[in-house]
Amino acid sequence: MHKAFTATASQAAAIHLVRPMHWDEAEHEIPPALKSLARATGFKANAGETVFHADEEGKLANVLFGLGDAPDALAVAALSGKLPAGDYEIARDAGLPFAHIAAGWADGAYRFDRYLTEKNDPPRLVLGEDEDAAALDREADAITLLRDMINTPAQHMGPASIEQVVRQMAEEHGAEIEVTAGDDLLDANYPMIHAVGRAGPEAPRFIELSWGNADHPELALVGKGVAFDTGGLNLKPGGGMRLMKKDMGGAAHVIALAKLVMGSKLPVRLKLYVPTVENAIDSNAFRPSDILSTRKGITVEIDNTDAEGRLILGDALTRACEGSPDLLIDFATLTGAARVALGPDLAPYYTDDGDVADAIWAAGAVSGDPVWRMPLWDPYKSMLKSDIADIQNAGGSFAGSITAGVFLKQFVDAERWVHLDVWGWRKSKYGRPEGGAACGLRAMWTMLRTRYA
């Protein structure tokens, strides 16, 4: 794993972060030569503007970087995304919290180079050696794992590989793991996970990890792990299928969150649940109009085989509620409707608990990770009505993200539950690489650290 941070450095170029208003005044203590160069080039400190200054030996000594006026917690990603390899330290922060600087730095320095002959050598930010630095490093490592998992194509990140990632994490942190795969899912009463994944080239499976003191409050994490989604018999068009390696993004998010929980020794009893399948086409693929039984006991009519993620989550959420979760959180790349509603940058979250909702909102503001509460509007359950089963799996063209959340709610018996319908992807922006991305993860991690401090 390429590291974007270093504890110490004997020689590091200085980074000066500035905003447009009065950026060149004396109190910023910007080196005179750098200030003169910036003035000569018309530098205004607008977002992304950069000036490089070398010393007498031609080595990069100072970098002046404009943050602009608009708030952006990851603004520094536009800088680290274009810096050459080497070590750097922050000389002026322009009031930007160091946690935001570090998160943005790691975001921009990241490159997925598994299949490239020429590997990435990222610029490294000097963090120091205290506990805060260790926490920032853990967060960057977890998000790198998340992004690597999403960016890896299904040929190398199928259900078996997702299982292996969780097994390695369990071994690293001394956690227990149990995996139910293939036809054993029927014997263990996970019928929807089996139905969705049985046509795939790899056996579907349900992964359950346990960690921590049983006397601590139970934190349950559930993530959608569809390694690749063709849409099933309701086959997606080519354009809609192109990015479906990312449909295990929910699993990647909860695996990264579990890694943070265990690495930070958060005082919780952690339960991680990952149903993972490939939604493929074969003679035994599940069909529109099929009626599926569920672990919960209710029946589901299949309206659309491309609404498969909520099916595997239904069995997993039911299992999670068989424990005693103080808080149940699920992440899923569930609907395109969420992107229509909120676009690519806002992660929608659903919960009926007002206190938890407020805590997530506050954590999003503190972490700079934007999230937005959406309604679990129970009257929309009527859109999921079936004439021959208890419920159907798709609700038509209206309120698609909301009806998906309402569907999941039918499988939840927990006092506090949060559902996040995330994209798990990002187009190139501010110099950051296009590809797998953490959506709402830092907000949820900030909330959990506060809740279980």
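Quick caveat, the model's predicted, so the values are computed rather than measured.
- No donor-acceptor pair closer than 3.5 Å links the side chain of Glu278 to the backbone N or O of Ala280.
- Side-chain contact between Met169 and Ile255: present, with at least one pair of heavy atoms (C-beta onward) separated by less than 4.5 Å.
- The ring pair (Phe, Tyr, Trp, His ring centres under 6.0 Å) test applied to Tyr110 returns no partner, not counting sequence neighbours.
- The two residues Glu202 and Gly158 have their closest heavy-atom pair at OE1-C, 3.5 Å.
- With hydrogens and angles disregarded, no donor-acceptor distance shorter than 3.5 Å links the side chain of Asn304 to the backbone of Ala394.
- The closest donor-acceptor contact from the side chain of Thr230 to the backbone of Leu235 lies at 3.5 Å or more, if one exists at all.
- In the displayed structure, Glu171 atom CD is contacted under 6.0 Å by at most 12 heavy atoms of other residues, nucleotides or ligands.
- For Asp107 and Arg147, the salt-bridge test passes: some basic side-chain N is under 4.0 Å from an acidic carboxylate O.
- For the pair Leu441 and Ala256, the tightest heavy-atom approach, listed with the atom from each and the gap, is CD2-CB, 4.3 Å.
- When atom types are taken as modelled, the side chain of Lys259 and the backbone of Glu139 share no donor-acceptor pair closer than 3.5 angstrom.
- Across Pro159 and Thr276, no two heavy atoms sit closer than the pair CA-OG1, 3.5 Å.
- Side-chain contact of Thr6 with Asp87: a donor-acceptor pair under 3.5 Å is absent, judged by distance alone.
- Applying the side-chain contact (heavy atoms from CB on, under 4.5 Å) criterion to Ala7, with sequence neighbours excluded, gives Glu129.
- For residues 354-377, there are no salt bridge (Lys or Arg N to Asp or Glu O under 4.0 Å) pairs, not counting sequence neighbours.
- Among residues at least two apart or in separate chains, salt bridge (Lys or Arg N to Asp or Glu O under 4.0 Å) pairs with a member in residues 437-453 are Asp326-Arg451.
- Not one N or O on the side chain of Ser264 forms a donor-acceptor pair closer than 3.5 Å with the backbone of Val261.
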Before you tell me yes or no, could you show the steps for Lys427 and Glu434 under salt bridge (Lys or Arg N to Asp or Glu O under 4.0 Å), namely the whole-Å CA-CA distance, both residues' side-chain angles and the distance that decides it to 0.1 Å?
CA-CA 5 Å; Lys427 297 291 186 182; Glu434 179 175 343; 3.6 Å; yes

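- The shortest heavy-atom contact between Thr50 and Lys82 is OG1-NZ, 2.9 Å.
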Show every donor-acceptor pair shorter than 3.5 Å between a side-chain atom in residues 99-106 and any protein atom, with sequence neighbours excluded, or say none if there are none.
from: His100; atom 1: NE2; to: Val366; atom 2: O; distance (Å): 2.9
from: His100; atom 1: NE2; to: Ser367; atom 2: O; distance (Å): 3.4
from: Trp105; atom 1: NE1; to: Ala4; atom 2: O; distance (Å): 3.3
from: Trp105; atom 1: NE1; to: Pro123; atom 2: O; distance (Å): 3.2

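- Expressed to the nearest 0.5 Å, how far CG of Leu260 lies from NZ of Lys265 amounts to 13.0 Å.
- In this structure, His253 contributes its side chain and Cys439 its backbone to a donor-acceptor pair below 3.5 Å.
- A distance of 9.5 Å separates CD1 in Ile329 from OG1 in Thr351, rounded to the nearest 0.5 Å.
- Contact check on Lys3 versus Asp141 returns a salt bridge, with a Lys/Arg side-chain nitrogen under 4.0 Å from an Asp/Glu carboxylate oxygen.
- Rounding to the nearest 0.5 Å gives a distance of 10.0 Å between CZ of Arg295 and CG of Leu185.
- With rounding to the nearest 0.5 angstrom, the CG atom of Leu327 is 6.0 Å from the CG atom of Leu219.
- Using modelled atom types and a 3.5 Å distance limit, the side chains of Trp417 and Asp330 yield a donor-acceptor pair.
- Applying the salt bridge (Lys or Arg N to Asp or Glu O under 4.0 Å) rule to pairs touching residues 176-192 yields nothing, sequence neighbours excluded.
- Atoms OG and OH, on Ser293 and Tyr190 in that order, are 14.0 Å from each other to the nearest 0.5 Å.
- Residues that satisfy the salt bridge (Lys or Arg N to Asp or Glu O under 4.0 Å) test with Lys381, not counting sequence neighbours, are absent from this structure.
- For the salt bridge (Lys or Arg N to Asp or Glu O under 4.0 Å) test, residues two or more places apart in sequence or in another chain that qualify with Asp378 are Lys409.
- Take Phe407 and apply the ring pair (Phe, Tyr, Trp, His ring centres under 6.0 Å) test, not counting sequence neighbours, and it matches Phe411.
- Distance alone, capped at 3.5 Å, is enough to place a donor-acceptor pair between the Asn279 side chain and the Thr305 backbone.
- Every residue meeting the ring pair (Phe, Tyr, Trp, His ring centres under 6.0 Å) condition with His156, not counting sequence neighbours, appears here in chain and number order: Tyr115.
- For the residue pair Asn393 and Ala307, the shortest heavy atom distance occurs at ND2-O, 3.0 Å.
- In this structure, CG in Leu209 is found 9.5 Å from NE2 in His173, a value given to the nearest 0.5 Å.
- Around the CD atom of Glu415, the shell of radius 6.0 Å holds no more than 12 heavy atoms that belong to other residues, nucleotides or ligands.
- Closest approach of Glu163 and Arg205 over heavy atoms only: OE1-NH1, 2.7 Å.
- Residues Ile302 and Gln392 fail the side-chain proximity criterion, which asks for heavy atoms closer than 4.5 Å.
- For residues 245-255, the set of pairs meeting the salt bridge (Lys or Arg N to Asp or Glu O under 4.0 Å) definition, not counting sequence neighbours, comprises Lys224-Asp247.
- Asp353 contributes a side-chain N or O that, together with a main-chain N or O of Val356, makes up a donor-acceptor pair within less than 3.5 Å.
- Taking the ring pair (Phe, Tyr, Trp, His ring centres under 6.0 Å) definition, one finds that Trp211 meets it with nothing, sequence neighbours left out.
- In this structure, Tyr88 contributes its side chain and Val126 its backbone to no donor-acceptor pair below 3.5 Å.
- Annotation: side chain of Trp425 is in contact with side chain of Leu243 (closest heavy-atom distance under 4.5 Å).
- Ion pair Glu208/Lys271 flagged as a salt bridge, since at least one NZ, NE, NH1 or NH2 atom sits closer than 4.0 Å to an Asp/Glu carboxylate oxygen.
- Side chain of Asp113 to main chain of Leu116: no donor-acceptor pair is present (N/O by atom type, distance under 3.5 Å, no hydrogens or angles).
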